[in-house]
A.B. asks: 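Please find one structure pasted underneath; my questions will follow.
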Amino acid sequence: MIDVNDMNQSKDVYNAIADPTRRELLRILANSEELPLYEITPHFKMGRTAVSKHLAILKEANLVTARKVGRETRYRLNAAPLQEVQNWVSFYENFWNESFLKLKQILEEQDMKPDVSLDFTFATTVEKVWNALTDSNVLAQWIWNNDFKAEVGHKFQFRAEPSEWWDGIVDCEVLTIDEPNSISYTWASAGETTTVVWTVTKEADNTVRLRLDQSGFSEETKAREGAIEGAKYGWTSMADKLTTILA
């Protein structure tokens with residue numbers, strides 16, 4: 001059953017703190033154990049009578065207590081009724097924190113989403129696909145000449161035939177190796193640095209799925225017409241060569 005008196009008191013508290021002058025009064029009293037009116041008034045651009053009216057409203061809401069000391073009235077903060085306000089604010093604070101957390105997760109997922117994702121299927125073994133990913137000589141047959149080593153931290157290059165618009169060099173560094181499941185390395189060329197991740201999976205029909213994820217293209221590159229499609233075309237052409245090697 002709802003207590004009408006509690007409802008009225010809650011209403012008084014919210015009404016009392018709705019005014020910025022009264023909120024400032026509470027702040028001033030919170031920093032002092034007890035203050036007389038003549039020490040409170042100089043904090044405001046208003047007279048004693050106006051300040052007294054604000055203090056009276058706070059007193060009605062039980063946010064301020066007053067006691068007589070001789071001819072002087074001294075005021076003290078009573079913060080207990082503010083607990084309900086704190087509970088109300090905390091509810092919405094949690095709501096917004098959870099909402100911002102969800103937004104952060106969405107944005108992170110978008111940032112982590114690969115710019116290029118391709119799947120290739122081969123009628124071979126996991127071991128042969130892994131060898132094609134990690135053997136320098138085999139890599140040269142379907143990507144480009146290289147000095148690759150399957151060692152985390154190893155820096156190497158792929159060297160393609162140069163052209164008038166590209167020197168043909170891709171600088172790389174091995175980031176992760178999880179034999180025979182996945183390998184990743186940086187792919188830096190023509191002022192663009194991305195990350196390439198190869199993932200090997202044996203399918204139920206005994207075929208092997210090789211997944212390529214490439215991420216980290218600049219917004220300028222992604223906005224340029226044909227740039228991502230060109231990357232996909234290049235990887236697909238290489239995968240066609242790999243199909244021939246693994247046949």
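All values below were derived from every heavy atom in this structure, side-chain atoms included, with hydrogens, water molecules and symmetry-related copies excluded.
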A.B. asks: Measuring only between side-chain heavy atoms, which start at C-beta, is Leu175 closer than 4.5 Å to Val152?
C.D. replies: no
A.B. asks: Would you call Asp115-Lys222 a salt bridge at under 4.0 Å N-O?
C.D. replies: yes
A.B. asks: Is any side-chain heavy atom of Thr121 less than 4.5 Å from a side-chain heavy atom of Val208?
C.D. replies: no
A.B. asks: Side chains of Leu26 and Val64, heavy atoms from C-beta outward: is any pair under 4.5 Å?
C.D. replies: yes
A.B. asks: With salt bridge (Lys or Arg N to Asp or Glu O under 4.0 Å) as the rule and sequence neighbours excluded, what pairs involving residues 175-203 come up?
C.D. replies: Glu203-Arg209
A.B. asks: I'd like to know whether CD of Glu151 has more than 12 heavy-atom contacts from other residues, nucleotides or ligands below 6.0 angstrom.
C.D. replies: yes
A.B. asks: Between Ser218 (side chain only) and Thr221 (backbone N and O only), is there a donor and an acceptor less than 3.5 Å apart?
C.D. replies: yes
A.B. asks: Could you check if a side-chain atom of Val170 sits within less than 4.5 angstrom of a side-chain atom of Cys172, using non-hydrogen atoms only?
C.D. replies: yes
A.B. asks: Quick one: which residue pairs count as a salt bridge (Lys or Arg N to Asp or Glu O under 4.0 Å) with a foot in residues 17-28, not counting sequence neighbours?
C.D. replies: Glu24-Arg27
A.B. asks: What is the distance from atom CD of Gln214 to atom OG1 of Thr194, rounded to the nearest 0.5 Å?
C.D. replies: 3.5 Å
A.B. asks: In chain order, what residues pass the side-chain contact (heavy atoms from CB on, under 4.5 Å) check against Gln83, with sequence neighbours excluded?
C.D. replies: Gln86, Asn87
A.B. asks: With sequence neighbours left out, write down each residue that passes ring-ring contact (aromatic ring centres under 6.0 Å, His included) with Phe91, or none if nothing qualifies.
C.D. replies: none
A.B. asks: Taking Ser189 for the side chain and Ile169 for the main chain, is one N or O donor matched with an acceptor at less than 3.5 Å?
C.D. replies: yes
A.B. asks: Measure from the side-chain N and O atoms of Asp135 to the backbone N and O of Asn131, and report whether any donor-acceptor pair falls under 3.5 Å.
C.D. replies: no
A.B. asks: In sequence, state the C-alpha distance, the side-chain angles, and the governing distance for Leu212 and Val196, and then conclude on side-chain contact (heavy atoms from CB on, under 4.5 Å).
C.D. replies: CA-CA 7 Å; Leu212 163 74; Val196 170; 3.5 Å; yes
A.B. asks: Where do Leu63 and Ile57 land on the side-chain contact (heavy atoms from CB on, under 4.5 Å) test, with the steps shown first?
C.D. replies: CA-CA 9 Å; Leu63 289 167; Ile57 294 173; over 6 Å; no
A.B. asks: With a 4.0 Å cut-off on N to O distance, would you call Asp147 and Lys149 a salt bridge?
C.D. replies: no
A.B. asks: Nearest heavy-atom pair of Val200 and Trp130: which atoms, and what distance?
C.D. replies: CG2-CE3, 4.3 Å
A.B. asks: Name all pairs fulfilling the ring-ring contact (aromatic ring centres under 6.0 Å, His included) condition that reach into residues 215-240, sequence neighbours left out, sorted by first residue then second.
C.D. replies: Trp187-Trp235, Trp198-Trp235
A.B. asks: After noting the C-alpha distance and the side-chain angles of Glu173 and His154, does the key distance pass the side-chain contact (heavy atoms from CB on, under 4.5 Å) rule?
C.D. replies: CA-CA 6 Å; Glu173 180 179 350; His154 175 65; over 6 Å; no
A.B. asks: Look at the side chain of Asn146 and the backbone N and O of Ser136, then say whether any donor-acceptor pair between them is shorter than 3.5 Å.
C.D. replies: yes
A.B. asks: Scan residues 41-69 for pairs that pass salt bridge (Lys or Arg N to Asp or Glu O under 4.0 Å), counting only residues two or more places apart or in two chains.
C.D. replies: Glu34-Arg67
A.B. asks: Looking only at atom types and distance, does a side-chain atom of Thr243 sit under 3.5 Å from a main-chain N or O of Ala239, one as donor and one as acceptor?
C.D. replies: yes
A.B. asks: Going by heavy atoms in the side chains, are Arg211 and Ser117 under 4.5 Å from each other?
C.D. replies: yes
A.B. asks: For side-chain contact (heavy atoms from CB on, under 4.5 Å), just list the numbers for Asp213 and Val116, CA-CA rounded to whole Å, side-chain angles, deciding distance to a tenth of an Å, and then say yes or no.
C.D. replies: CA-CA 6 Å; Asp213 290 317; Val116 175; over 6 Å; no
A.B. asks: Are Phe158 and Phe148 near enough that their ring centres are under 6.0 Å apart?
C.D. replies: no
A.B. asks: So Phe44 and Ile28, do their side chains get closer than 4.5 Å, heavy atoms only?
C.D. replies: yes
A.B. asks: Between Asn78 (side chain only) and Asn62 (backbone N and O only), is there a donor and an acceptor less than 3.5 Å apart?
C.D. replies: yes
A.B. asks: Decide if atom CD of Glu72 counts as having more than 12 heavy atoms of other residues, nucleotides or ligands within a radius under 6.0 Å.
C.D. replies: yes
